[in-house]
Amino acid sequence: MTREPRFGALAADARWQAAWEAADSFATTDRGDKPKAYILEMFPYPSGRIHMGHVRNYAMGDVLARFKRMTGHDVLHPMGWDAFGMPAENAAMEKGVHPGGWTRDNIAAMRAQLKRLGLAIDWSRELATCEPDYYGQEQALFLDLFAAGLVTRKESYVNWDPVDMTVLANEQVIDGRGWRSGALVEKKKLSQWFLKITDFADELLEGLSSLDKWPDKVRLMQENWIGKSQGLEFSFRLAGGAPGFDVFTTRPDTLYGASFAAISPDHPLAERLAKDSPELAAFIAECRRQGTSAEQLETAEKLGFDTGLSVEHPLDPALHLPVWVVNYVLMDYGTGAIFGCPAHDQRDLDFARKYELPVHRVIADGDEVAQHFTGDEAWTGPGRLVNSHFLDGMSIDEAKAAVIARAEHEGWGKGTTVWRLRDWGVSRQRYWGTPIPFIHCPACGLVPVPKDQLPVVLPEDADFSVPGNPLDRHPTWKHVACPTCGGAAVRETDTLDTFVDSSWYFLRFASAPSDRPFDPEVIRRWLPVDQYIGGIEHAILHLLYARFWTRALNKLGMIDIKEPFASLFTQGMVTHETYSRTASREERVGDVTHRHAYEEFLTPEQVDLETKSRDGKNWPPANSVGVSISTTFDPAKVIKKGDVFIFPNVAASGEGVDIGRVIKMSKSKKNVVDPDAILDQYGADAVRWFMLSDSPPERDLPWSEAGIEGAWRFVQRLWRLFGDTEKTGEGGEDKALARKLHQTIAGVAADVEALGFNKAVAKIHALANEVEKAAPSATRAEACRTLILLVAPMLPHLAEEAWAALPDSQRTTAMIADAAWPAADPALLVEDEVTIAIQVAGKLRDTMTLAKGIDRDAAEAAALARPRIAELLGGGAPKKVIVVPDRLVNIVP
RNA sequence: GCGGACGUGGCGAAAUCGGUAGACGCAGCAGACUUAAAAUCUGCUAUCCAUCUGGGUGUGCGGGUUCGAGUCCCGCCGUCCGCACCA
């Protein structure tokens, strides 16, 4: 077969994707005696189109999966769809389509797009969470958790999103707004389903320390989210002896510094007192109106209302503290009540100064021990206890222990732990989710749907024409007979949070029997996931829920593992420059027409980036349509980058364009590049190569036209090089090239193993450069052949094409997809000569080439013998000589 | 406010253990090939001085430890991220 001078990427993509499918090349193998590798990328939501972030994510996982196959592992590399969720329902409301049809169409479109990338995925394991064979098993698991007491129903205040008309988990409220809709979240009291993630708070926190292959950042974020605080919980008695209320503190040591007690506006006592006090009721209402966004908290003033009640100080009942209702105490943390110690808490101090309450120092600030505390900055640092009776002279830790011991001994309080983590509210008043498998019977109460009646399937004929829950208003779906008594009953119409769906899909990929969620034996073989790859945006929500779910199933004895993901990698985003110009738009208000200037974003295709160098032969330049920029271009918009001047302009008109920040691709900023268009132009391998080049994978990757073109050029360069696999010339062995080759084999393997794709790419480039320059030889021909294997995980289509062109005698397998990673010869990994730096007083002055492993004295002598060094030393004897074997000699004169 | 990460050429970056800073790529410049263009190939490309040998400076800024610091320590500045009235 004659060799094409250029690599026909599009034809090769199609040819090899079909060949892999025909041969079922990426079916999961389980040979038992081989090490396993479960490589998983976070499964996508089927929004309709893949974006560059997906391409980067799946390219990384694919390189690793292919590399693991080449190094003799049994590889599980599956793909599926996180298919329930709001966008499908929104589409149903806006376009009148069915969420199921919309979702399944999107899946089909995105599957086709992903296949164009040539991913080594076992598609036979594909799953979609919106199909009954998946969510039915999820319902079974939910019933198991219920039976184990890990599911509860509580009447509680919930975060209500008034736009999506649903409840949100705390994790889904960002700056007081719904994470999807961006609407201000309201507090609403509803009966809700909860998963008792707080039962596992301690375990989930402790477990983090075992996750040594997770990014520190993610572990820290989870640690902060779980938020463990240890301290003292105790009861205040109202003055006169009536029972009062409980408070929690992490600073029991400062108890003698208390000057008031404070309760939340939502505290039951506050609500009770408000019944007889219109002023207090008004104050509480005012507090509830306050926003909780970042800016509002920043500026919010401390406000309080004196109830007129007072409580007894637990260590000195003669001492009475006034009880205030204050706006900065939250009902849903601790007990919703505190004691105020202004000297050592900034918020309490702000409050005390405003309402002129006493401020007593109880922790010495250096030599400052006076009880009367001055200034507006609380002392929260270390120090000895002062003005505190039996605690005086103790350290903070000693005093904490002493107060807790006394409280427990006297029975008015106890040492306790408080968590920031709340139970996971999983009820959603939506149609497009997993139905919660319960029935409400007027006679029997809450009845689980018997497992033999699962799955509880969503009705197809739902009405999406008005907001609210279509399941609840469906005419027939919810009306069923009670499984226990047979009487008329109604189904639960809440569905599960979609984060439940993604909390166990990694188990179902490994094992998907039709009659149960998974086979524990198979789970034992494949889990935990060896490498999980996805976005940092899931650092808390998904990753914490999945850890909880795994631990819950472990507690139920269904699986052995406690942690689902042994190694986690969070990849960076794909970014792009933004382009904009100042535009204006007319708006008629009554009979007056206003002109508004606004920033109009432009797509990369609309913008022409004229690039000219300083010597400026083409200055002033003309743009691509021949419009002289000198007449229309705004000189203020010229960007200088080194010696280069860039004239960003609207391609159609030459009008100047502002180049904005390099940010994540987003539709609103119009800086999106569509993967399909790039695939059409350059093929899968160039896109994959670009995604892996240059930027470290955990950092953001700036997309650029020049970058993808560079990747395309390199693919073509390799193709030309692969034409030299038989060209041995007269030369035999080329020792230097052989070394470089084997060092690269070992180096690329190590880099890929560590997900250092940019470094692996650099090493392949360096090898290609050397091979190109080398004279023809047997070694060079071998290097060309080996290079095909080295790029196979990253550029699979190019590699197959080049592999197929090799004579049979040079191929170990029919397809490179089945080939083994080349072995690096250890003897060739070490150089026999090394370049040694010679420093004088720490400054580099010369270098010399010596045999590797030369002893210290010989290296020192060789350095001192160099004429340049002798000259610099001026004949004097060096004071000191430091020799680092095989690296450098530093002479101190 | 609390916690964390990061800061290296015009740009993306490398330097794995404290040991030759800038590998590799992009952009740029010069040249070769070509009627021309594209493609391809060769060379140069941190900066200043000197010009073909060299020397000074240089990893955000200021200190420190060390024979030697991008790397370790202290203090600033800046950027980004997470949490946020969490008692």
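Chain letters run A, B, ... following the sequence lines, proteins first and then strands; every chain starts at 1.
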ask   = If you find the nucleotide of RNA chain B closest to A:Q716 and the one closest to A:A837, which residue's nucleotide is nearer the 5' end?
value =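 It is A:A837, whose closest nucleotide lies nearer the 5' terminus.
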Check the distance between [N]'s [atom2] and [X]'s [atom1] and give it to me in whole angstrom.
X      : N     : atom1 : atom2 : value
A:R713 : B:U40 : CZ    : P     : 6 Å
A:Q222 : B:G3  : CD    : C1'   : 15 Å
A:E772 : B:G25 : CD    : P     : 10 Å
A:D345 : B:C86 : CG    : C1'   : 11 Å
A:N758 : B:A14 : CG    : P     : 5 Å
A:L692 : B:A13 : CG    : P     : 15 Å

inquiry  = Atom CZ of residue position A:R353 - does it have more than 12 heavy atoms of other residues, nucleotides or ligands inside 6.0 Å?
reply    =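 Atom CZ in A:R353 is crowded, with more than 12 foreign heavy atoms closer than 6.0 Å.
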message = Pair A:M573, A:L701 - check side-chain contact (heavy atoms from CB on, under 4.5 Å), show working.
response = CA-CA 6 Å; A:M573 299 178 298; A:L701 173 71; over 6 Å; no
message = One thing to verify: whether A:K763 and A:D751 come together as a salt bridge, which I'm taking to mean a side-chain N less than 4.0 angstrom from a carboxylate O.
response =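 Yes.
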Let's see if you can work this out: which of [options] has an atom nearest to the side-chain heavy atoms of [X]?
X      : options             : answer
A:H765 : B:C86, B:U40, B:C24 : B:C24
A:T249 : B:A87, B:C67, B:A23 : B:A87
A:K773 : B:C86, B:G43, B:C85 : B:G43
A:Y333 : B:G25, B:C86, B:A14 : B:C86
A:L330 : B:A87, B:G12, B:A27 : B:A87
A:K759 : B:G3, B:A14, B:A39  : B:A14
A:R699 : B:A14, B:C85, B:A87 : B:A14

When rounded to the nearest Å, what value does the distance between [atom1] atoms of [N] and [M] take?
N     : M     : atom1 : answer
B:U71 : B:C80 : C1'   : 22 Å
B:A84 : B:C73 : P     : 30 Å
B:C11 : B:C85 : C1'   : 44 Å

With [X] via side chain to side chain contact (heavy atoms under 4.5 Å, CB included) - residues at least two apart:
X      : value
A:T578 : A:F601, A:I663, A:K669, A:N671
A:K880 : A:I882, A:V892
A:L864 : A:E860, A:L873, A:P878, A:I891
A:A201 : A:I226, A:W419, A:L421

task = For residues A:E577 and A:V662, report the shortest heavy-atom separation together with the two atoms involved.
result =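 Nearest heavy atoms, A:E577 then A:V662: CG-CG2, 3.9 Å.
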Once you apply a heavy-atom cut-off of 4.0 Å, does [X] come out as touching a base, just sugar-phosphate, or nothing?
X      : value
A:T847 : base
A:T835 : base
A:N769 : sugar-phosphate
A:V329 : base

Indicate whether OP1 or OP2 belonging to [N] is found under 4.0 Å from a side-chain N or O atom of [X].
X      : N     : value
A:R219 : B:G4  : no
A:K843 : B:U57 : yes
A:S229 : B:A87 : yes
A:R347 : B:C86 : yes

Could you pull out the protein-nucleic contacts involving nucleotides 79-82 of chain B (nitrogen or oxygen on both sides, under 3.5 Å)?
unit_1	atom_1	unit_2	atom_2	d
B:C81	O2'	A:K217	NZ	3.2

Strand RNA chain B in bracket notation, Watson-Crick/G-U under 3.5 Å with | for pairs to another chain = (((((((..(((......[....))).(((((.......))))).((((....))))..(((((..]....))))))))))))....
Within the sub-3.5 Å range, which N or O atoms of nucleotides 52-55 of chain B have a protein N or O partner, and how far apart are they?
unit_1	atom_1	unit_2	atom_2	d
B:G55	OP1	A:R868	NH2	2.8

query = Taking the six-membered ring for Trp, are the ring centroids of A:F351 and A:Y328 within less than 6.0 Å of each other?
reply =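 Judged by ring-centre distance (under 6.0 Å), A:F351 and A:Y328 do meet the cut-off.
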request  = Decide salt bridge (Lys or Arg N to Asp or Glu O under 4.0 Å) for A:D216 and A:R219; before the verdict, give the C-alpha distance in whole Å, the side-chain angles of both, and the deciding distance to 0.1 Å.
outcome  = CA-CA 5 Å; A:D216 289 343; A:R219 290 194 292 175; 2.7 Å; yes
Scan the side chains in residues 716-723 of chain A for donor-acceptor partners under 3.5 Å anywhere in the protein, sequence neighbours excluded, and list what turns up.
unit_1	atom_1	unit_2	atom_2	d
A:Q716	OE1	A:F7	N	2.9
A:Q716	NE2	A:F7	O	3.1
A:R717	NE	A:E772	OE1	3.3
A:R717	NE	A:E772	OE2	3.0
A:R717	NH2	A:N769	OD1	2.4
A:R717	NH2	A:E772	OE1	3.1
A:W719	NE1	A:E4	O	2.8

query = Looking at residues at least two apart in the chain, or sitting in another chain, which of them share a ring pair (Phe, Tyr, Trp, His ring centres under 6.0 Å) with A:H542?
reply = A:Y532, A:H538
Residues which pass ring pair (Phe, Tyr, Trp, His ring centres under 6.0 Å) with A:F248, listed by chain and number, not counting sequence neighbours =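 Ring pair (Phe, Tyr, Trp, His ring centres under 6.0 Å) check on A:F248 returns nothing, list empty.
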task = Classify the side chain of A:K302 and the base of B:C85 as holding, or not holding, a donor-acceptor pair under 3.5 Å.
result = yes
query = Would A:K228 and A:D202 satisfy side-chain contact (heavy atoms from CB on, under 4.5 Å), going step by step from the backbone distance to the final call?
reply = CA-CA 8 Å; A:K228 181 178 187 172; A:D202 224 336; 3.5 Å; yes
request  = Please examine the side chains of A:V881 and A:N890, heavy atoms only from C-beta on, and report whether any two atoms are closer than 4.5 Å.
outcome  = no
Show me the donor-acceptor pairs, under 3.5 Å and distance only, between side chains in residues 685-699 of chain A and residues at least two apart or in other chains.
unit_1	atom_1	unit_2	atom_2	d
A:D685	OD1	A:H797	ND1	2.8
A:D685	OD2	A:H797	N	3.3
A:D685	OD2	A:L798	N	2.7
A:R688	NE	A:M794	O	2.9
A:R688	NH1	A:D62	OD2	2.9
A:R688	NH1	A:L117	O	2.9
A:R688	NH1	A:G118	O	3.3
A:R688	NH2	A:D62	OD2	2.7
A:R688	NH2	A:P793	O	3.0
A:S693	OG	A:W689	O	2.5
A:S695	OG	A:D700	O	3.3

Contact list (N/O, under 3.5 angstrom) for nucleotides 17-19 of chain B vs protein:
unit_1	atom_1	unit_2	atom_2	d
B:G19	O2'	A:R887	NE	3.4
B:G19	N2	A:N890	ND2	3.4

